Amino acid sequence: MPQKVKADQKNIIDCFIQTQGFYLMGPIYNPSGFKAPFTIDALTVLSNPGRAAIIGQVLGEFVKALDVDLILGIPNGGVPLATIISQYSGIPFGYIRTEKCQRTGELIQGEYAGKTKAVLVDDIIGRGNTKDKVLANLSGKLKIKDLIVLLHGGIGYQKMIEDWEIKSGVKVNYLARWDEITDELIKAGRLPLAVGEIMMEYLKSPEAFQSNAAYWQKFDEFKNSHSYQTIDPII
Amino acid sequence: MNDNNELKNKIFAEIAKVPDFPKIYPSWVSVGPVPIRLNTRRLYSYPKIVELFVEYLAPMIAESKVNLIAGAETAGIPLAMALSLKTRIPFIYVRKEEKIKGNVSQGCIEGDFKAGDKAVLVDDLLGNGKTKLLLIENLKKAGVEVKSIVMIMTTKNKLLAGFKDMIEQRHISLFKIYTWDELTSFQIDQGIIPKEIAPLVLDYMQNPDSWNDNARKWQSYCQALKNLNIEIPDFLKKYAAES
């Protein structure tokens with residue numbers, strides 16, 4: 001079962017809801033293969049050094065309690081977060097390519113000689129497709145028991161994430177869920193109501209949303225009444 | 001800005017503790033075979049070294065008067081993020097190519113920025129400068145002006161002079177912690193690079209291009225490696241047979 005990292009939740013939620021450029025106009029196909037009406041850019045949260053420091057402190061403490069000797073970021077989204085966690089925990093950092101470097105044949109960038117247990121770090125988890133590639137490439141070189149992400153893809157991904165945990169043997173640890181953040185953004189009046197309503201429906205079940213004509217019509221109405229282009233920030 | 005030699009020596013002393021750095025074993029990299037390899041990215045695994053890099057570079061960033069720290073995909077991202085934490089200047093990173101999701105371009109920049117921002121571009125090292133020029137252009141397309149470039153190390157490359165001219169014309173400042181020559185001299189003094197290969201390594205540092213397909217130099221190097229009982233990699237075996 002994916003687990004939320006213990007932290008002052010208000011502080012964490014504030015990091016996300018105060019971030020400019022966090023919610024973006026869609027539609028866009030996310031890495032899980034679903035067409036989403038709107039999307040998010042988790043990295044913008046780390047653009048702000050004050051918020052990056054808050055997240056670094058929380059995850060730095062969290063990772064110290066794990067039995068690991070290497071923090072491995074998944075490029076590109078996981079690399080800044082893995083750097084911060086390393087800086088705050090003092091645990092060595094590296095990053096892992098999804099494909100071997102064609103020139104040097106290297107897979108892991110960083111010092112991994114003598115290291116046996118690593119924690120994987122990425123910005124977000126949906127179905128876990130990218131992580132599958134990374135784990136396949138590692139093929140037992142390092143023992144991976146935990147994954148840390150900024151964001152859980154939302155309640156609609158819960159079952160998929162649970163299934164991925166069972167299949168991979170890797171526990172998912174996250175700071176916040178996409179639907180929780182969306183809900184807080186609506187409550188704070190930061191997200192247009194129509195966007196909030198559409199996204200809460202999408203995040204309940206991205207799969208079912210694909211053929212939900214009523215909600216796609218609402219999306220079209222929103223798009224037609226605003227000047228946003230795809231990937232323009234909404235907040 | 002004058003070099004902070006005391007801090008640089010501290011950095012070299014920490015790097016000296018890193019095992020197999022440099023790797024004496026010849027490697028094949030983007031420019032072809034190189035006699036020794038400094039994989040600067042390995043240094044990111046040592047939080048103490050990253051801390052010293054940041055301590056060294058932070059004043060240079062302050063001098064650049066920028067409001068963004070842009071990491072170069074991918075090797076510049078860790079250093080840029082660490083510098084952002086130290087200087088409290090916002091962080092972004094810049095890709096070599098646009099990110100395409102479905103049929104939608106998401107541009108080359110990730111993170112919070114706006115047109116008119118001024119950035120320092122951060123990377124691990126400077127080879128021939130081609131990638132830096134591409135990244136500067138990608139930032140420019142998004143309306144972000146690069147005021148300076150900071151990196152851990154610069155190498156000698158015949159194309160670098162041309163790159164420096166282009167950078168000067170654009171009024172972009174270049175800052176680095178050390179040159180490969182400086183680190184190599186330190187490593188020879190400390191016995192980290194064996195004296196048997198030191199003259200050849202120094203020759204390579206000074207004239208890397210003169211090693212291109214230079215059978216005599218590679219034969220001498222292979223002989224020195226044999227004397228040190230270092231295995232000759234396949235791509236140099238033709239020279240080893242003749243040495």
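This one's a predicted model, so the numbers in the text were calculated from it and none came from an experiment. Lettering of chains follows the sequences in order, A, B, ..., and the numbering in each one begins at 1.
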I'd like to know which of A/I108, A/I71, A/T19, A/V79 tops the heavy-atom pair count under 4.5 Å against chain B. A/V79
B/S45 and A/P92 have their tightest heavy-atom pair at O-CB, 2.9 Å
Proximity breakdown for A/Y112 and chain B, heavy-atom pairs closer than 4.5 Å: neither
When the 4.5 angstrom heavy-atom criterion is applied to B/S84 and chain A, the contacting part is both
Minimal non-hydrogen separation, A/P49 against B/P90, with atom names: CD-CA, 3.7 Å
From A/Q87 atom CD to B/E51 atom CD, the distance as rounded to the nearest 0.5 Å: 7.0 Å
I'd like to know which of A/I84, A/T230, A/I91, A/L81 tops the heavy-atom pair count under 4.5 Å against chain B. A/I84
Where do A/A52 and B/M81 come nearest, in terms of heavy atoms and distance? CB-CE, 3.9 Å
Please state whether the side chain, the backbone, both or neither of B/A80 comes within less than 4.5 Å of a heavy atom of chain A. neither
For A/P75 against B/T74, the heavy-atom pair lying closest together: CB-CG2, 4.2 Å
What do you reckon, is NZ of B/K86 surrounded by more than 12 foreign heavy atoms closer than 6.0 Å? no
I need the contact set between residues 14-23 of chain B and chain A: heavy-atom distance under 4.5 Å, sorted by residue number. B/V18, B/P19
Determine whether the side chains of A/N76 and B/E110 contain a donor N or O and an acceptor N or O closer than 3.5 Å. no
What closest approach, in Å, do B/G111 and A/L43 show between heavy atoms, and which atom pair accounts for it? N-CD2, 3.9 Å
List the steps and the verdict of side-chain contact (heavy atoms from CB on, under 4.5 Å) for B/L85 and A/Y88. CA-CA 10 Å; B/L85 281 174; A/Y88 277 93; 3.9 Å; yes
Flag yes if more than 12 heavy atoms outside B/K8 fall under 6.0 Å of its NZ atom; otherwise flag no. yes
So how far is it from B/I92 CD1 to A/L46 CG, rounded to the nearest 0.5 Å? 13.5 Å
Between the side chain of A/S47 and the main-chain N/O of B/F91, is any donor-acceptor distance below 3.5 Å? yes
Contact winner vs chain B - A/P27, A/G114, A/G110, heavy-atom pairs under 4.5 Å: A/G110
Bottom line for B/L79: the part with an atom under 4.5 Å from chain A's heavy atoms is neither
Under 3.5 Å, is there a donor on one side chain and an acceptor on the other for A/T44 and B/D112? no
Taking CD in A/E207 as the centre, count heavy atoms belonging to other residues, nucleotides or ligands within less than 6.0 Å. Is the count above 12? no
If one checks every heavy atom of B/Y44 against chain A at 4.5 Å, the contacting part turns out to be both
Enumerate by number any residue of residues 53-66 of chain A whose heavy atoms lie under 4.5 Å from heavy atoms of chain B; in the absence of such residues, state 'none'. A/A53
Which value, rounded to the nearest 0.5 Å, describes the distance between A/E111 atom CD and B/R41 atom CZ? 14.5 Å
Are more than 12 heavy atoms from other residues, nucleotides or ligands located less than 6.0 Å from atom CG of A/D8? yes
Looking at B/A82, B/G71, B/P47, which one has more heavy-atom pairs under 4.5 Å with chain A than the rest? B/P47
So with a 6.0 Å cut-off around NZ of A/K223, is the heavy-atom count from everything else above 12? yes
